[in-house]
*Asks:* 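One structure follows; several queries about it will come next.
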Amino acid sequence: LSLNDNELTFLPNAISKLTNLRVLSACNNRLHTLPEMLSTSLEILDLRVNRLVSIPECVSKLCNLVTLRAGHNLIETLPEDMWDMSSLKRLELNNNHIAVFPDTIADIRSLRVLMLARNRLTKISDEFCTSQWLRRSLRVLWLHGNELRRLPRHIGLLENLRVIRTDSNPLRSPPPGIVRAGIKQIRKYIKIRRRRIRLIFNRLRAIRVEFDVTAIDPQAKNILTDGTGHMTKEDLKQCDELVDQYVNSDFYNRKQITD
């Protein structure tokens, strides 16, 4: 059923009674919301180019939905519970107003393609990459055109990820050159970086100096937390700079990264 290009401001409630409806396309309208219920038989829902500020709760109940396209809206939030969307494989939310990464995405069991390009994201939680579902299912991740300074430290756990786009972000960790080289180089970078952080931690512990590993991303700052009474402010600053160079900088490039 195509309702594209009609300047619609709402969809009739009766649309939920179309029990055999598989595809609903309502692009390029003026929709602010959706009916309280939609047909649970839907497999493809296309809502691009409307005026939605959120994904309504009714969408999260579509257990047979395979593809949801909702780009070019005003969306800021997603439903709290998305685990019912057990069939969803493709989620497109490009060109919206999403500033906080929606952790509810981690509940989608079959998601293969996630597109969040040109939003307002500043951070992606590490929990996203440790989801028992996404670790195996996710293949494509679009994050370009946001405000990200770092990628999650566990992004290498997305074992089947094949394509990641992060251009047009102020990325610092991993360095942009590594990210442009692709997911294989990112995984190598993370592996070596983790090894280097462990080395720093062990050496500092040997001289009884405490080290805050969370202060490394996206730029090492105030990383020493205890046992520094003999050090000056300049010493501490220099330590931050040296660690930053060792684990965050463009010291890593494709020729230098080896297992």
*Asks:* Is it the case that the side chain of R195 and the backbone of K191 share a donor-acceptor pair, with hydrogens and angles ignored and the cut-off at 3.5 Å?
*Replies:*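 No.
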
*Asks:* Judged by modelled atom types alone, do N94 and R118 share a side-chain donor-acceptor pair under 3.5 Å?
*Replies:*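 Note: N94 and R118 side chains miss the donor-acceptor criterion.
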
*Asks:* Could you report the tightest heavy-atom contact between R153 and R194, atom names first, then the distance?
*Replies:*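 Heavy-atom minimum between the residues: O-NH2, 4.2 Å.
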
*Asks:* Hydrophobic clustering (ILVMFWY, side-chain heavy atoms < 4.5 Å, transitive) - are V163 and L138 grouped together?
*Replies:*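 Looking at the clustering, V163 is in a separate group from L138.
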
*Asks:* For the side chain of D212 and the backbone of I223, is there at least one donor-acceptor N/O pair under 3.5 Å apart?
*Replies:*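 No: the side chain of D212 does not pair with the backbone of I223.
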
*Asks:* How does the hydrophobic cluster around V66 look, that is, which other residues are in it when side-chain heavy atoms under 4.5 Å mark a link?
*Replies:*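 When side chains under 4.5 Å apart are linked, V66 ends up in no cluster with other residues.
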
*Asks:* Looking at S131 and A106, would you say the former's side chain and the latter's main chain have a donor-acceptor pair under 3.5 Å?
*Replies:*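 Yes; judged by distance alone, with no hydrogens or angles, the pair exists.
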
*Asks:* Without hydrogens or angle criteria, can the side chains of N4 and S25 be said to hold a donor-acceptor pair below 3.5 Å?
*Replies:*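 Side-chain D/A pair, N4 to S25: present.
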
*Asks:* Evaluate side-chain contact (heavy atoms from CB on, under 4.5 Å) for K237 paired with N222, printing each intermediate quantity in order.
*Replies:* CA-CA 8 Å; K237 180 180 178 182; N222 300 323; over 6 Å; no

*Asks:* Should V140 and L114 count as side-chain neighbours, where that means a heavy-atom distance under 4.5 Å?
*Replies:*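 No, every pair of side-chain atoms sits at 4.5 Å or beyond.
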
*Asks:* Between N96 (side chain) and I75 (backbone), is there a donor-acceptor pair under 3.5 Å?
*Replies:*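 Yes.
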
*Asks:* Could you tell me whether R165 and D167 have a side-chain N and a carboxylate O separated by less than 4.0 Å?
*Replies:*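 Between D167 and R165 there is a salt bridge, with a charged N closer than 4.0 Å to a carboxylate O.
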
*Asks:* I would like to know whether I200 and F211 meet side-chain contact (heavy atoms from CB on, under 4.5 Å); could you show each step before the answer?
*Replies:* CA-CA 9 Å; I200 293 171; F211 169 57; 4.2 Å; yes

*Asks:* Could you tell me if the side chain of R120 sits less than 4.5 Å from the side chain of E76, heavy atoms only?
*Replies:*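 No. Closest side-chain heavy atoms not under 4.5 Å.
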
*Asks:* Side-chain contact, heavy-atom cut-off 4.5 Å: L1 with V23?
*Replies:*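 Side-chain contact under 4.5 Å: no.
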
*Asks:* If hydrophobic clusters are built from ILVMFWY residues whose side chains come within less than 4.5 Å, do L8 and L47 share one?
*Replies:*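 As far as the 4.5 Å side-chain criterion goes, L47 and L8 are connected within one cluster.
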
*Asks:* Closest approach of S60 and M82, non-hydrogen atoms and distance?
*Replies:*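 That closest heavy-atom pairing would be CB-CA, 4.5 Å.
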
*Asks:* Is there side-chain contact between L158 and I164, with at least one heavy-atom pair below 4.5 Å?
*Replies:*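 Result no, sub-4.5 Å side-chain heavy-atom pair not found.
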
*Asks:* At what distance, to the nearest 0.5 angstrom, does CZ of R150 lie from OG1 of T166?
*Replies:*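 Rounded to the nearest 0.5 Å, the CZ-OG1 separation comes to 14.0 Å.
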
*Asks:* Within the distance-only criterion (no hydrogens, no angle test), does the side chain of R196 pair as donor or acceptor with the backbone N or O of Y246 below 3.5 angstrom?
*Replies:*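 Pair found, side chain donor or acceptor close to backbone of Y246.
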
*Asks:* Return the minimal non-hydrogen interatomic distance between C58 and P35, and the atom names on each side.
*Replies:*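 In this case the closest contact between C58 and P35 is SG-O, 3.2 Å.
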
*Asks:* Test your reading of the model: is there a side-chain donor-acceptor pair from D240 to the backbone of A220, 3.5 Å cut-off?
*Replies:*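 Between the backbone of A220 and the side chain of D240 there is no qualifying donor-acceptor contact (under 3.5 Å).
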
*Asks:* Where the side chain of R162 meets the backbone of N160, is there a donor-acceptor pair that is under 3.5 Å apart?
*Replies:*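 It does hold such a pair.
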
*Asks:* Between D226 and V209, is a side-chain contact (heavy atoms from CB on, under 4.5 Å) present by the stated rule, with each step listed?
*Replies:* CA-CA 6 Å; D226 197 13; V209 174; over 6 Å; no

*Asks:* Could I get the full list of salt bridge (charged side-chain N to carboxylate O under 4.0 Å, His left out) partners for R22, not counting sequence neighbours?
*Replies:*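 So R22 forms a salt bridge (charged side-chain N to carboxylate O under 4.0 Å, His left out) with E43.
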
*Asks:* Would you say S173 and L151 make side-chain contact, with heavy atoms under 4.5 Å?
*Replies:*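 The answer is no; the side chains never approach within 4.5 Å.
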
*Asks:* Between T228 and M231, is there a donor-acceptor pair closer than 3.5 Å when you use the side chain of the first and the backbone of the second?
*Replies:*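 Between the backbone of M231 and the side chain of T228 there is no qualifying donor-acceptor contact (under 3.5 Å).
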
*Asks:* Answer yes if L148 and I186 sit in the same cluster of Ile, Leu, Val, Met, Phe, Trp and Tyr residues linked by side chain heavy atoms under 4.5 Å apart, and no otherwise.
*Replies:*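 Both belong to a single hydrophobic cluster.
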
*Asks:* With side chains defined as the heavy atoms from C-beta onward, is the minimum distance between D107 and D81 less than 4.5 Å?
*Replies:*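 Sidechains of D81 and D107: no contact.
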
*Asks:* Would you say the side-chain atoms of N29 pair up with the backbone N or O of R48, donor to acceptor, closer than 3.5 Å?
*Replies:*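 No, because the side chain of N29 does not come within donor-acceptor range (under 3.5 Å) of the backbone of R48.
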
*Asks:* In terms of hydrophobic clusters joined by side-chain contacts under 4.5 Å, are L134 and I124 together?
*Replies:*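 Yes, it is one cluster - the side chains of L134 and I124 are joined through contacts under 4.5 Å.
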
*Asks:* Got a sec, which hydrophobics cluster with V100, joining ILVMFWY side chains under 4.5 Å apart, including via others?
*Replies:*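 Hydrophobic cluster check, V100: no partners found.
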
*Asks:* Write down the atom of C63, the atom of S86, and the distance for their closest heavy-atom approach.
*Replies:*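 In terms of heavy atoms, the two residues are closest at O-OG, 3.8 Å.
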
*Asks:* State, yes or no, whether a side-chain contact exists between C129 and I155 at a heavy-atom distance under 4.5 Å.
*Replies:*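 C129 vs I155: side chains touch.
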
*Asks:* Using the ring pair (Phe, Tyr, Trp, His ring centres under 6.0 Å) rule, collect all pairs that involve residues 123-174, keeping only residues at least two apart or in two chains.
*Replies:*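 Only F101-F128, W142-H144 qualify under ring pair (Phe, Tyr, Trp, His ring centres under 6.0 Å).
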
*Asks:* For R172, which residues count as a salt bridge (charged side-chain N to carboxylate O under 4.0 Å, His left out) partner, sequence neighbours excluded?
*Replies:*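 Here the qualifying residues are D244.
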
*Asks:* Taking atom CG of L91 and atom OG1 of T67, what is their separation to the nearest 0.5 Å?
*Replies:*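 Between L91 CG and T67 OG1, I get 9.5 Å after rounding to 0.5 Å.
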
*Asks:* Does the pair M115 and L143 meet the rule for a side-chain contact (heavy atoms from CB on, under 4.5 Å), with working shown?
*Replies:* CA-CA 7 Å; M115 296 182 173; L143 298 169; over 6 Å; no

*Asks:* Indicate if I183 and L171 have the same hydrophobic cluster label, given that clusters are the connected sets of ILVMFWY residues with side-chain heavy-atom separations under 4.5 angstrom.
*Replies:*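 Yes: a chain of side-chain contacts under 4.5 Å links I183 to L171.
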
*Asks:* When the side chains of residues 9-21 are checked against the rest of the protein, which donor-acceptor pairs come out under 3.5 Å, sequence neighbours left out?
*Replies:*
from: S16; atom 1: OG; to: N13; atom 2: O; distance (Å): 3.0

*Asks:* Taking CD in E80 as the centre, count heavy atoms belonging to other residues, nucleotides or ligands within less than 6.0 Å. Is the count above 12?
*Replies:*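 No, not enclosed.
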
*Asks:* Quick one: does N119's side chain have a donor or acceptor within less than 3.5 Å of a partner on I98's backbone?
*Replies:*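 Side chain of N119 to backbone of I98, a donor-acceptor pair under 3.5 Å: yes, one is there.
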
*Asks:* Just checking, is any N or O donor in the side chain of N146 or N169 under 3.5 Å from an acceptor N or O on the other one?
*Replies:*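 No.
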
*Asks:* Within a reach of under 6.0 Å around NZ of K221, are more than 12 heavy atoms found that belong to other residues, nucleotides or ligands?
*Replies:*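 Result for NZ/K221: open.
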
*Asks:* Determine whether L161 and R187 make a side-chain contact, defined as any pair of heavy atoms from C-beta on separated by less than 4.5 Å.
*Replies:*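 Yes, close enough: below the 4.5 Å cut-off.
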
*Asks:* Please say whether more than 12 non-hydrogen atoms of neighbouring residues, nucleotides or ligands are located less than 6.0 Å from CZ in R139.
*Replies:*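 Yes, CZ of R139 has more than 12 neighbouring heavy atoms, counting only those of other groups under 6.0 Å.
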
